[in-house]
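Step one of this worksheet: look at the structure below.
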Amino acid sequence: MKHVTAASPLVKQLVSGDPRALARSISLVEEESAEGRAILKAIYPRTGGSRVLGITGPPGAGKSSLASRLVGVWRGQGAKVGIIAVDPSSAFSGGAILGDRIRMQEHCLDPGVFIRSMATRGHFGGVSRACRDAVDLLDAAGYGIILIETVGVGQDEVEVVQIADLVLVVLPPGLGDDIQAIKAGILEIADLFVINKSDREGADRLASELSAMLALSPDAQTARTPILKTVATLGTGVCELTEALEAEWGRRDRAAARASREKERSRARFLELFREGLYRRAREACLPSGKVDAIAEKLAHRRQDPYSAAEEILSRVRFSAAPRPSSSNGKRR
Ligand SMILES: Nc1nc2c(ncn2[C@@H]2O[C@H](COP(=O)(O)OP(=O)(O)OP(=O)(O)O)[C@@H](O)[C@H]2O)c(=O)[nH]1
Ligand SMILES: [Mg+2]
């Protein structure tokens, strides 16, 4: 394994803000390589300074258009902005990445903007782990604001935006009765709602339905979630939105609240890595290839029950055994 330290050339280039080093590091992290992991270790002390904003909402709500507007404002203020567009990698969203690229075109040549797409599938430990690692890399590379765009359709996406310090939920009018169908989970993760496409009919109705719905929330914080209206294509309401974000950030920046959220996230992150490592190690030690298949066969034919099967294998896991040398070697699966 290549020994990567804070003084390694790639790490040095990354922290000096070289976009190629950043792109390379994100790839190494996505590939789950030992080098990627070593980079993450080396840069960790330099992270924690960026503001991370999650943008989620139904397909086509205008998330990318809005993101592009926000990027314009922040660039005007001199901040470097990193964008991670999470692609649900389904057959239905084949054009999503291209679409995001097109709407970000005006920022494509700006060296202060770094855009990266990330597929939801194909990450051991889920896309949220890969995304969080990418956020750390962007943070270390000096991107003061990091935007994560996801289509709010599933659990994966909900988990991803929880990496963010602040979550913006974008809704278009015309959802009609669908407002009832908006997943409760999505309502709860919103720090701010944006009704985009307010040039279309139904924006006011959606706003009042939404605020009525929020008012029913037993959680006082959720009940007070601000609702703003925008027309991303024209830039209408974007100024108010950036001010509202600023106010929210100001509020959240209050040391205690921020520290406790950060600690919660750190706890979850550690436990996730721990669980992942434990599972991998136990699986390598107790489930040689073909074993799971054989167990599945037995269960399917009712020759054994799943509880006994799991207990039997788990009884072979020995925690006192000396750990193998760094399990981050090579690829998993
Ligand atoms: N009329 C109107 N159209 C808009 C507005 N904002 C975005 N659009 C259009 O809506 C379409 C989708 O916009 P996107 O920004 O790609 O939406 P998105 O939520 O990022 O879409 P996905 O990433 O594919 O889920 C585009 O054709 C935009 O031009 C708006 O405020 N009003
Ligand atoms: Mg988009």
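Because the structure is predicted, anything quoted here is derived from the model rather than measured. Ligands are counted one by one from 1 in listed order, and the atoms in each one are counted from 1 as well.
Within E149, the N/O/S atom positioned nearest the Mg ion (ligand 2) carries the name OE2.
Under the rule for a side-chain contact (heavy atoms from CB on, under 4.5 Å), the partners of A23 that lie at least two apart in sequence or sit in another chain are F114, R116.
In this structure, CG in L147 is found 10.0 Å from OG in S68, a value given to the nearest 0.5 Å. Distance check: D136 CG to I39 CD1 gives 12.5 Å after rounding to the nearest 0.5 Å.
Proximity to S65 (heavy-atom distance under 4.0 Å) selects the following atoms of ligand 1: 7 (C), 13 (O), 14 (P), 15 (O), 28 (C).
Considering backbone and side-chain N/O atoms, P59 never comes within less than 3.5 Å of an N/O atom of ligand 1. Residue T230 has no nitrogen or oxygen atom sitting less than 3.5 Å from a nitrogen or oxygen atom of ligand 1, judged on distance alone. When only interatomic distances are considered, the shortest N/O to N/O separation between N196 and ligand 1 falls below 3.5 Å.
Neither V231 nor L241 shares a network with the other; the hydrophobic side chains, linked directly or stepwise wherever heavy atoms of I, L, V, M, F, W or Y lie under 4.5 Å apart, form separate groups for each.
For the residues R69, E149, R200, K63, the heavy atom positioned nearest atom 25 (O) of ligand 1 is part of K63. Across G57, G62, A67, A85, heavy-atom proximity to atom 17 (O) of ligand 1 is greatest for G62. For atom 24 (O) of ligand 1, the nearest non-hydrogen atom from the set P58, P172, G60 belongs to G60.
With a 4.0 Å cut-off on non-hydrogen atoms, D199 touches ligand 1 through its side chain and not its backbone.
Clustering of Ile, Leu, Val, Met, Phe, Trp and Tyr side chains at separations under 4.5 Å places L299 together with L287, V292, I295, I313.
For E201, the CD atom counts as loosely surrounded, since its 6.0 Å shell holds 12 or fewer non-hydrogen atoms of other residues, nucleotides or ligands.
At least one N/O/S atom of S64, from backbone or side chain, sits under 2.8 Å from the Mg ion (ligand 2).
Under the 4.5 Å side-chain criterion, counting only non-hydrogen atoms from C-beta, I227 is in contact with I195.
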